[in-house]
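Presented below is the structure to which this report refers.
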Amino acid sequence: GVGRALELLGAAALVVPRLGVDRARALAALEGGALATDLVMDRVETGTPFRRAYREVAALLRRGERLPAPAPARILARRSGAGGLGRLELGRAWRRWSAAERWAEAERIRFERAMARLAGPGGAGGRGGRGRRR
């Protein structure tokens, strides 16, 4: 497996530097229905109820009409919210994850202390975790 992986990495090293983007073809691919959701949301932002905007755009697509591509800046702006493709904000996500881990650890300790108080002196801990049977 390691030998195969090294061969693949060698091939990738030859191919990746030669990759490029054909800007005209990329922009042309955005026309049609690829970004129909953007058109729906544009209509919603100008006051059209979502359900009606969705149905109108769906009707355009069913008739085979090609929808114009939004401007590239508009595409990126719509996708720049936290967690969106244009702005993942991974640092923020990791900070929240770390805070959640700290909170969970504090809660685990608090729970274990509460259980020890409930067990009382010489509680279940000294008997292999089994309580006294009566």
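Quick note: numbers below take in every heavy atom, side chains included, and nothing from hydrogens, waters or symmetry partners.
Partners of Arg110 according to the salt bridge (Lys or Arg N to Asp or Glu O under 4.0 Å) rule, which considers only residues two or more places apart in sequence or in another chain, are Glu107. Trp97 is linked by a side-chain hydrogen bond (donor to acceptor under 3.5 Å, both in side chains) to Glu101, counting only residues two or more places apart in sequence or in another chain. In this structure, the side-chain contact (heavy atoms from CB on, under 4.5 Å) partners of Glu112, at least two apart in sequence or on a different chain, are Arg108.
Of the possible donor and acceptor atoms, none in the side chain of Thr48 sits under 3.5 Å from a partner among the backbone N and O of Val44.
Here the OG1-CE distance, from Thr46 to Met41, works out to 10.5 Å after rounding to the nearest 0.5 Å. Asp38 contributes atom CG, which lies 6.5 Å from atom CD1 of Ile75 (distance to the nearest 0.5 angstrom).
Linking ILVMFWY side-chain heavy atoms closer than 4.5 Å, directly or via other members, places Leu39 and Tyr54 in a single hydrophobic cluster. In the hydrophobic clustering of this structure, Leu60 groups with Phe50; members are Ile, Leu, Val, Met, Phe, Trp, Tyr whose side-chain heavy atoms approach within less than 4.5 Å, directly or through other members.
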Give the table of side-chain donor-acceptor pairs shorter than 3.5 Å for residues 61-74, with sequence neighbours excluded, one pair per line with atom names and distance.
unit_1, atom_1, unit_2, atom_2, d
Arg63, NE, Glu65, OE2, 3.0
Arg63, NH2, Glu65, OE2, 3.1
Arg74, NH2, Asp42, OD1, 2.8
Arg74, NH2, Glu45, OE1, 2.8

Residues 2-25, side-chain donor-acceptor partners within the protein, below 3.5 Å, at least two apart:
unit_1, atom_1, unit_2, atom_2, d
Arg18, NH1, Leu14, O, 2.5
Asp22, OD1, Ala24, N, 3.3
Asp22, OD1, Arg25, N, 3.3

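Within the structure, salt bridge (charged side-chain N to carboxylate O under 4.0 Å, His left out) pairs that include any residue of residues 49-61 comprise Arg43-Glu56, Arg52-Glu56 (at least two apart or interchain).
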